[in-house]
Novice: 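I have a structure here, written as structure tokens, and I will follow up with some questions on it.
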Amino acid sequence: MDLYEYQGKQLFSRYGIPVSDGRYVTTPEEARTAAEEIGGAVVVKAQVLTGGRGKAGGIKLADDPADAEEKARAILGLEIRGHVVTKLWIESASEIAKEYYLSITFDRGTKQPLLMFTTQGGVDIEEVAETNPDALVRLHVDPLEGFQPYHARRLIYGAGVEDRSEQGQIAAILAKLYEAFVGTDAMLCEINPLIVTPEGEVKALDSKFTVDDNALYKHPEIAEMRDVEAADPLESLAREKDVTYVKLDGEVGILGNGAGLVMSTLDVIALAGGRAANFCDLGGGGDAEGVVDALEVITRDPQVKSIFFNIFGGITRCDEVAKGILAALERMPIELPIVVRLDGTNAEEGRRILADAAIANVHPEATMLDGARRAVEAATK
Amino acid sequence: MAIIVDQDTKLVVQGLTGSEGSFHGLRNKRYGTRVVAGVTPGKGGQDVEGVPVFDTVVDAVEETGANTTMVFVPARFAADAIYEAVDAGIATVICIAEGLPAHEMLRVYTYIRPRGVTMLGPNCPGALSPGKANVGIIPAEIFTEGSIGLVSRSGTLTYQIGHELTQMGLGNSTIVGIGGDPVVGSSFIDILERFEADPQTEYVVMVGEIGGDEEEKAAAFIEAKMSKPVVAYIAGFEAPPGKTMGHAGAIISGSSGTAQGKKEALEAKGIRVGTSPTEAAQLAAEVARG
């Protein structure tokens, strides 16, 4: 789960990482009040889960509360890479002497947390990694050993930070960031830029924070940060119904059992010349309840022109899935063409059940490739 | 021969008294797997259809000589269950449980590797050596005994390919599900190494998917270290970046972990990659029939 900048900064504060005084607001009037409370010049920052806010006009400096209200009015409603701005973070403006970069990522390749630090901050870090790789210091941490002060020394000396006060502040921030990374079960904690003010104060000017979905049960206060409104409405509905669903752009609605098989189904639909409208994994089950829930989500997508059930019966038996589909269709009439491919355990029986029911828009198929072709054909007719 | 599970497997099921644990544990037993014990704290002394249940894994190992565990406890107890098994001397851990926090698995992985423990999962279907033993949830009926080693990050996709192989008259030495999480106990390379050393295995089918770089690493390993032919299949060409596709580990981060990148890495090392599960099975059949 990706967090907004202001949420990440709330977590930073909780772990003692210095950030500027700020307020979360959703209206121009609130922006004005926030600026009054903070005092002095403020920055009005769009809160969206995407990069490129600055270039898109989503970050503006405001001299006083009236200006903050005006800037807020201009930014609210902006569309930044498909995200409409409805939330703002009003923050005390900082003077910037230097911009550094600091992050901890979950490196699944080496199976260790990876610390990255460079004094070339404030820009796209992948660019630094490409054009000036020596400037980017990388260091893995043994997860059982945990963060040690020497890790900070390696990064700080490696990146060439010479000021003693800066060194001390960065070392402290590194230790706290690692604590936050482990403490919140994060997959990514990034500070870009980590600034040094003209007075020599080091603080986080931005935050990028991703938390492991599988660990959210341990962190109910973070789980509550999920922004239900910003998510795709179909994905939110799916989440409510506990259906594993990802919205895509095509016209063939997909239901399958097992994540790998469903991914493969999307690919086979593409091979057959069509495009999948979604990813939807029924999991181990094929009971009517699960099928109804999934169909409800899928058919709410107006782009869907046909539906492809791709079921491989392992422990799940195809005859039960067939009954589940029929029961679901009784409760939820659908006029779209539905291609059902049943294979594996009790496949023949499953296909016979569907054939006997003789529902005009339900078309049983025996193989995945045939099913995909038929579903694409049905969608493009 | 075969790998990871066979006639010498003496299985303890952690969570045997739960509904899933007993269903699959007993299914494994009926298949012929030596299911020697179950562990559920507080239920020591009971039995599940004749399989004795112990309070701790140490008790189970002492009483029954169990050498392999199947972890069927809820995700939030899984890391603890794995540590318990490893510290009790269990050499092979097969974790079916799904939903382990990635950080917990990172620590488990770092703990077990230097101890020489073999681990599959979490979030995996287990391992099946047809005719010998089945540990996990793989439907054994659709596989036959043979010489093709099958290793995969996904369950049903493996069944799909195995089923197609069976229909072409080809069987398997062992089917290994390594799991769909970002960090799993065994990599493709760990399993490929075993297939290379296993006399029963003559060919290998590797089934990958988006996310991470294990397929790319496997490609280099296959070229450098394997004499046995390998064909591959990769799922997720149509997956958008930044979205988790069902498996916690199936996510394209930025431009890394794409299906196209994996396919190219494999093909660059001369490994053929099927465009569909059906074609992957056909490629395997071609190789197997010379």
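Residue numbers start from 1 in every chain, and the chains themselves are labelled A, B, ... in the order their sequence lines are given, proteins ahead of strands.
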Novice: With a 3.5 Å distance limit and no angle check, can you tell me whether Ser276(B) reaches the backbone of Val268(A) through a side-chain donor-acceptor pair?
Specialist: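 Not a single qualifying donor-acceptor pair exists.
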
Novice: Which value, rounded to the nearest 0.5 Å, describes the distance between Tyr159(B) atom OH and Asn257(A) atom CG?
Specialist: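 Tyr159(B) atom OH to Asn257(A) atom CG measures 9.5 Å (nearest 0.5 Å).
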
Novice: Select all residues of residues 109-122 of chain B having any heavy atom within less than 4.5 Å of some heavy atom of chain A, and report them by number, or 'none'.
Specialist: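 Only Tyr109(B), Thr110(B), Tyr111(B) of residues 109-122 of chain B have a heavy atom under 4.5 Å from chain A.
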
Novice: Return the CD to OG1 distance between Gln160(B) and Thr265(A), rounded to the nearest 0.5 Å.
Specialist: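 Nearest 0.5 Å value for the CD-OG1 distance: 8.5 Å.
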
Novice: Evaluate the side-chain proximity of Ser154(B) to Leu261(A): yes if any heavy-atom separation is below 4.5 Å, no if none is.
Specialist: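 With C-beta onward as the side chain, the pair stays apart.
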
Novice: Using non-hydrogen atoms only, which part of Leu266(A) is less than 4.5 Å away from chain B: side chain, backbone, both, or neither?
Specialist: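 Both backbone and side chain of Leu266(A) come within 4.5 Å of chain B.
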
Novice: Working to the nearest 0.5 Å, report the span between CZ of Phe181(A) and NE2 of His103(B).
Specialist: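 Reported to 0.5 Å precision, the distance equals 4.0 Å.
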
Novice: Using non-hydrogen atoms and a 4.5 Å limit, figure out which bit of Asp142(A) sits close to chain B: side chain, backbone, both or neither.
Specialist: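 Side chain only.
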
Novice: What's the spacing between His163(B) NE2 and Phe312(A) CZ if we round to 0.5 Å?
Specialist: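 Reported to 0.5 Å precision, the distance equals 4.5 Å.
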
Novice: Evaluate the side-chain proximity of Leu144(A) to Arg107(B): yes if any heavy-atom separation is below 4.5 Å, no if none is.
Specialist: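 Side chain of Arg107(B) against side chain of Leu144(A), heavy atoms only: contact under 4.5 Å found.
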
Novice: Is Thr275(B) in contact with chain A via its backbone, its side chain, both, or neither, using a 4.5 Å heavy-atom distance?
Specialist: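 Contact with chain A: backbone and side chain both.
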
Novice: Please list, chain by chain and in numerical order, all residues satisfying side chain to side chain contact (heavy atoms under 4.5 Å, CB included) with Lys305(A), sequence neighbours excluded.
Specialist: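 Listed in chain order: Glu251(A), Ala379(A).
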
Novice: Side chain, backbone, both or neither: which part of Glu214(B) has an atom under 4.5 Å from a heavy atom of chain A?
Specialist: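 It is the side chain, since no backbone atom gets that close.
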
Novice: Roughly how far, to the nearest 0.5 Å, is the OG atom of Ser253(B) from the CZ atom of Arg108(A)?
Specialist: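 Separation between the atoms: 6.5 Å.
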
Novice: Any non-hydrogen side-chain atom of Leu271(A) less than 4.5 Å from a side-chain atom of Phe237(B)?
Specialist: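 The answer is no; the side chains never approach within 4.5 Å.
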
Novice: Pick one of side chain, backbone, both or neither for Ile142(B), based on which atoms fall under 4.5 Å of a heavy atom in chain A.
Specialist: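 It is the side chain, since no backbone atom gets that close.
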
Novice: Chain B heavy atoms under 4.5 Å from Asp185(A): which part of the residue, side chain, backbone, both or neither?
Specialist: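 Asp185(A) touches chain B through backbone and side-chain heavy atoms alike.
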
Novice: Glu164(B) vs Met368(A), test: side-chain contact (heavy atoms from CB on, under 4.5 Å). Steps then yes/no.
Specialist: CA-CA 11 Å; Glu164(B) 306 218 25; Met368(A) 184 161 163; 5.6 Å; no

Novice: Side chain from CB out, backbone as N, CA, C, O: work out which of these in Tyr245(A) comes under 4.5 Å of a heavy atom of chain B, or both, or neither.
Specialist: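 Neither part; nothing is under 4.5 Å.
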
